[in-house]
2 protein chains.
Amino acid sequence: MYYINDKEYKCSVAVTLDIFNDRWKLAIIWHLLENEKRFKDLHENIAEITQKTLTIKLKELEEKNIINREVFPEVPPKVVYSLTPMGKKLKPVLKEMYYWGIKYVKEHGKVTDQSPCEAEACLKNGF
Amino acid sequence: MYYINDKEYKCSVAVTLDIFNDRWKLAIIWHLLENEKRFKDLHENIAEITQKTLTIKLKELEEKNIINREVFPEVPPKVVYSLTPMGKKLKPVLKEMYYWGIKYVKEHGKVTDQSPCEAEACLKNGF
DNA sequence: CGGTATCCTCTGAGATACTG
DNA sequence: CAGTATCTCAGAGGATACCG
């Protein structure tokens with residue numbers, strides 16, 4: 001049995017799934033794997049997410065010790081998000097999701113090789 | 001660019017995340033990795049899910065060609081769910097989630113080694 | 001720039017009862 | 001046993017406006 005703050009899990013996959021059971025957190029990690037990013041960069045890269053939701057998800061990830069939040073006392077303000085060691089350990093998970101996604105599209109979709117997203121190029125380069 | 005039914009994705013991770021963006025689908029896959037299972041077995045193993053939600057999620061997974069649904073014309077009825085080749089290819093993803101979960105609990109939780117869930121034991125045996 | 005504060009919508013999911 | 005059929009609701013997430 002596994003316990004986190006008195007919450008009980010039957011197996012470790014349940015722990016992982018419980019943390020990333022929403023639409024955005026893993027996408028954020030994916031973009032931060034490439035390198036640390038400012039709030040606005042994340043907002044631009046994850047096009048569909050709203051500012052409010054992004055703020056909430058970043059806070060949740062910070063509370064779970066998966067990302068770091070660094071504030072630069074400048075005007076205009078600058079806030080940089082980066083992965084903690086725990087966050088960086090998610091790389092293999094995302095990497096396998098990346099490979100699976102490619103296989104799935106090859107069987108059930110269509111690929112037009114144009115401009116892959118940064119993180120993708122990153123992975124291809126032996127990230 | 002990737003397209004699935006005219007829906008556009010910037011990278012393959014987005015494809016994967018879009019399919020598994022709810023609370024249950026990956027948990028279902030996780031249990032089916034061990035071996036094929038009947039509806040009631042899944043219902044018992046994934047304790048918190050309701051019958052209705054399980055039905056919906058199984059249908060979605062079947063539509064996406066990730067699981068097979070086999071009906072045995074018996075009384076009482078028997079329906080067996082199993083992974084398609086595409087579904088089986090999710091094993092590495094879940095495996096990495098499994099490893100990450102363990103690391104996370106070791107840092108932020110507590111482990112009491114009692115009875116790991118079947119699938120977990122399965123993985124430990126070199127699944 | 002990097003947020004809050006409101007207000008609002010929609011749907012994932014639960015509870016419960018019923019059926020072939 | 002393996003589902004449907006309703007009813008219900010919390011809360012995830014969006015839209016918009018404002019702030020230090």
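Throughout, protein chains are lettered first and strands after them, A, B, ... in sequence-line order, and every chain is numbered starting at 1.
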message = By the 4.0 Å heavy-atom rule, please label A/E74 as base, sugar-phosphate, or nothing.
response = nothing
message = So that I can tick it off, tell me whether A/K25 and A/D22 are bridged by a salt bridge, with the cut-off set at under 4.0 angstrom between side-chain N and carboxylate O.
response = yes
cation_pi(A/K110, B/Y3) dist<6.0 Å, angle<=45 = yes
note = Rounding to the nearest 10°, end axes of the helix from C/dC1-D/dG20 to C/dG20-D/dC1 built from five pairs each make an angle of 60°
query = Hey, can you pull the residues of residues 17-27 of chain A with a non-hydrogen atom under 4.0 angstrom from DNA chain D?
reply = A/D22, A/R23, A/W24
request  = Within residues 53-72 of chain A, find the residues that approach DNA chain D with a heavy atom at under 4.0 Å, and present them sorted by residue number.
outcome  = A/T53, A/K57
query = Between A/E60 and A/K57, is there a salt bridge with N-O shorter than 4.0 Å?
reply = yes
request  = Identify the 5'-most and 3'-most nucleotides of DNA chain C with at least one atom closer than 4.0 Å to a non-hydrogen atom of chain B.
outcome  = C/dA13 to C/dG20
message = With a strict under 4.0 Å distance from non-hydrogen atoms of chain A, what nucleotide opens and what nucleotide closes the contacted stretch of DNA chain D, reading 5' to 3'?
response = D/dG13 to D/dG20
request  = Strictly below 4.0 Å, heavy-atom distances to any atom of DNA chain D: list the hits from residues 38-47 of chain A, or just say none.
outcome  = none
query = If you measure from OH on A/Y99 to CG on B/L90, what distance do you get to the nearest 0.5 Å?
reply = 15.5 Å
message = Over 60° means perpendicular and under 30° means parallel, so tell me whether B/H43 and B/F39 are parallel, tilted or perpendicular.
response = tilted
ask   = If you draw the axis of the six-membered ring of B/F72, does the NZ or CZ of B/K78 fall within 45° of it and under 6.0 Å from the ring centre?
value = yes
inquiry  = Between the side chains of A/K7 and A/D18, is the shortest nitrogen-to-carboxylate-oxygen separation below 4.0 Å, so that they form an ion pair?
reply    = yes
